[in-house]
Colleague: 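First, the structure itself, so that you have it in front of you.
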Amino acid sequence: MNEVTVIIIDAAIKAAVMALVLLTGFAYMTYAERKVIAGIQVRRGPNRIGPLGLLQPAADGVKLFLKEDMMPTGADKLMFNLAPIITSIPALVIMAVIPVAPDWIVNGYTVRFVVADLNVGVLYLLAIGSIAVYGIVLAGWASDSKYSMMGGLRSTAQVISYELAFGLSMVGPMLLAQSMSLRDIVHAQEARGIWFMFLQPIGFLLFFITGLAELNRAPFDMPEAEQELTAGYFTEYSSMRFGMFFMAEYIKMIAVSGMVVTLYMGGYLGPFVNQFPPLGIAYFSAKVFFLLFTMIWIRGTLPRLRYDQLMSFGWKFALPVAMLNVLATAIVLVYVM
Amino acid sequence: MTVQVALFIALAAVAIVAAIGLLRAKNAVYAALCLVSNFGVVAVLYILLGAPFLAMVQITVYAGAIMVLFVFVIMLLGAEHLEHEDHLLLQGPLGWLLGLGLAGLVTFAAISANLSAPAELPAEVSANFGSPGSIGHLLLTEYVFPFEVISFLLLAAMVGAVVLTLVQREKKARRSLRNPQQS
């Protein structure tokens, strides 16, 4: 086999594994969310299908497939069909640049636990994140429904507002590692012997909070405010098209957690990870699980922000603080260290 | 090399189709999406040319930020259906004529210039080519003057936008003070 074939097969296997893991992750995220929220509210949660309700996601999947697929009469057919696809693809590909374990040399062949190691990995995250909004906008617009339209407009306004602070709070780790490659950022945390969340506490908190806003998660789930907008931009969707929006949302949660872990919490770093690299996957997943739990926990405990509070928090607090954080980090790096 | 050429031709075809779609679309949202796909394809061309940084910036800034704002405004104003009253009588055909003329001229120039690859191509581009570090270094050393001029221009535009909205708000406030019934 020549080199190109090896690279293509290598990438295809990794991409397939990543997609599979993310899809399974999505199925069990829905289960975990229902269980954890039930626990917070002193209920039992799903417990009928399978032991402890563990087969609930499979039953939900069957239900979604069998439901009637409806489309509003006035809907723009092409865009109505495209919107769920445009939403799910960025969610599935965004994890491609995140390394989940250090390189592992087996029989002289180096296994890299990352689908694509870009030297502009951080920018790739931003680029894919900014594309993901289109699905939401188009779903709201193509449905020809006032609820969907309002939900779509709110989502767009929110995502645009928070994207600036989100992007700026990635700059801290970039400056500390002096690289845009996510591998280099993890290596820099290893070299310094400290996670960047302790060197950049403001950046870390901002990144997590604005990440929640980017995800339209509670307490920033205005676009889906059930009481006012039914289900927001995907009100008119049913069956598997609805399922795709649902999937994209949960996979994005996993992706944002992965980003926070890589940029601020040492990625795959942990004891003995350099001796036995696959251990990195376990550390990485454990950290991601912790963040996912935190997101569900926040949803279970915090009330939703009002729309104007959400906007003024984004523009008047998060953005200036993120800018000052970048400035301060740069000054400290150049003049103090 | 042939793989790259084939890729380039395919991508260029998509870019041209998207550009034509942008001009011919009857619906502003479709026009905007055509432009987005055009930007996306151009970004892939940048990657083929070994400039991933530029490609990512192209997607983030143009396809992401700017076009999302366009789509957002089109939706907010409900302006997706373009007016079809043709006030332009002569301009349409004239545009076609001039456009085709320009295309012909460019093709003619490209053919008659007898373009050929330089005899000695560097065997491999340096690893630093097009990396964020080298672009930043160039921007702040060799091109620092144009860079600063552009940033100043952008700052002025930003201040202008803020001032324009402030003036309108003040007028509205004054008007509503004078005749409270009307507002």
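No hydrogens, no waters, no symmetry mates; every other heavy atom, side chains included, goes into these values. For clarity, every value in this text was computed on a predicted model and none was experimentally measured. So you know, we letter chains A, B, ... as the sequences are listed, proteins then strands, and number each from 1.
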Colleague: Using non-hydrogen atoms and a limit below 4.5 Å, what part of residues 79-92 of chain A faces chain B?
Modeller: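 Under the 4.5 Å heavy-atom cut-off, A:M79 qualify.
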Colleague: Return the CE to CG distance between B:M56 and A:L126, rounded to the nearest 0.5 Å.
Modeller: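 One finds 11.0 Å between CE of B:M56 and CG of A:L126.
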Colleague: Under 4.5 Å, heavy atom to heavy atom: which of residues 38-50 of chain B reach chain A? Give them by number, or say none.
Modeller: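 Within residues 38-50 of chain B, no residue comes under 4.5 Å from chain A.
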Colleague: Nearest heavy-atom pair of B:F72 and A:L153: which atoms, and what distance?
Modeller: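 Looking at all heavy atoms of both residues, the shortest contact is CE1-O, 3.4 Å.
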Colleague: Examine whether an atom of A:I160 lies under 4.5 Å from a heavy atom of chain B, and if so say whether it belongs to the side chain, the backbone or both; otherwise answer neither.
Modeller: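 For A:I160, side-chain heavy atoms alone lie under 4.5 Å from chain B.
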Colleague: Give the interface residues of residues 143-159 of chain B toward chain A, defined by a heavy-atom separation under 4.5 Å.
Modeller: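 Against chain A, none of the residues of residues 143-159 of chain B fall inside the cut-off of heavy atoms under 4.5 Å.
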Colleague: So do the side chains of A:D76 and B:Y30 get within less than 4.5 Å of each other, counting heavy atoms only?
Modeller: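 Yes, at least one pair of side-chain atoms sits under 4.5 Å.
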Colleague: Side-chain donor-acceptor contacts of residues 313-328 of chain A below 3.5 Å, not counting sequence neighbours, with atom names and distances?
Modeller:
{"unit_1": "A:W315", "atom_1": "NE1", "unit_2": "A:S161", "atom_2": "OG", "d": "3.1"}
{"unit_1": "A:N325", "atom_1": "ND2", "unit_2": "A:Q200", "atom_2": "OE1", "d": "3.1"}

Colleague: For B:F70, does the CZ atom sit with more than 12 other heavy atoms under 6.0 Å from it, leaving out its own atoms?
Modeller: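 Open.
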Colleague: Would you indicate whether the side-chain heavy atoms of A:V137 and B:V29 approach each other to under 4.5 Å?
Modeller: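 Contact flag for B:V29/A:V137 side chains = no.
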Colleague: Is there side-chain contact between B:V71 and A:V133, with at least one heavy-atom pair below 4.5 Å?
Modeller: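 They are not in side-chain contact.
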Colleague: Quick one: what part of B:V36 sits under 4.5 Å from any heavy atom of chain A, side chain, backbone, both or neither?
Modeller: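 Contact with chain A involves the side chain of B:V36 alone.
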Colleague: Identify which part of A:A157 has an atom lying under 4.5 Å from any heavy atom of chain B, answering side chain, backbone, both or neither.
Modeller: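 Contact with chain B: backbone and side chain both.
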Colleague: Please check this pair: side chain of A:Y134 against backbone of B:A63, looking for a donor-acceptor N/O pair closer than 3.5 Å.
Modeller: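 Yes, because the side chain of A:Y134 sits within donor-acceptor range (under 3.5 Å) of the backbone of B:A63.
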Colleague: Given a strict heavy-atom distance threshold of 4.5 Å, which part of A:L164 is in contact with chain B: side chain, backbone, both, or neither?
Modeller: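 When you check distances to chain B, no heavy atom of A:L164 falls under 4.5 Å.
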Colleague: Which heavy-atom pair separates B:M75 from A:M149 by the least distance, and what is that distance?
Modeller: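 Minimum heavy-atom separation between B:M75 and A:M149: O-CE, 3.3 Å.
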Colleague: Atom OG in A:S130, atom CE in B:M67: separation rounded to 0.5 Å?
Modeller: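 A:S130 OG to B:M67 CE: 12.5 Å, rounded to 0.5 Å.
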Colleague: Once rounded to the nearest 0.5 Å, what's the spacing between atom CD1 of B:I59 and atom CD1 of A:I131?
Modeller: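 Here the rounded value is 6.0 Å.
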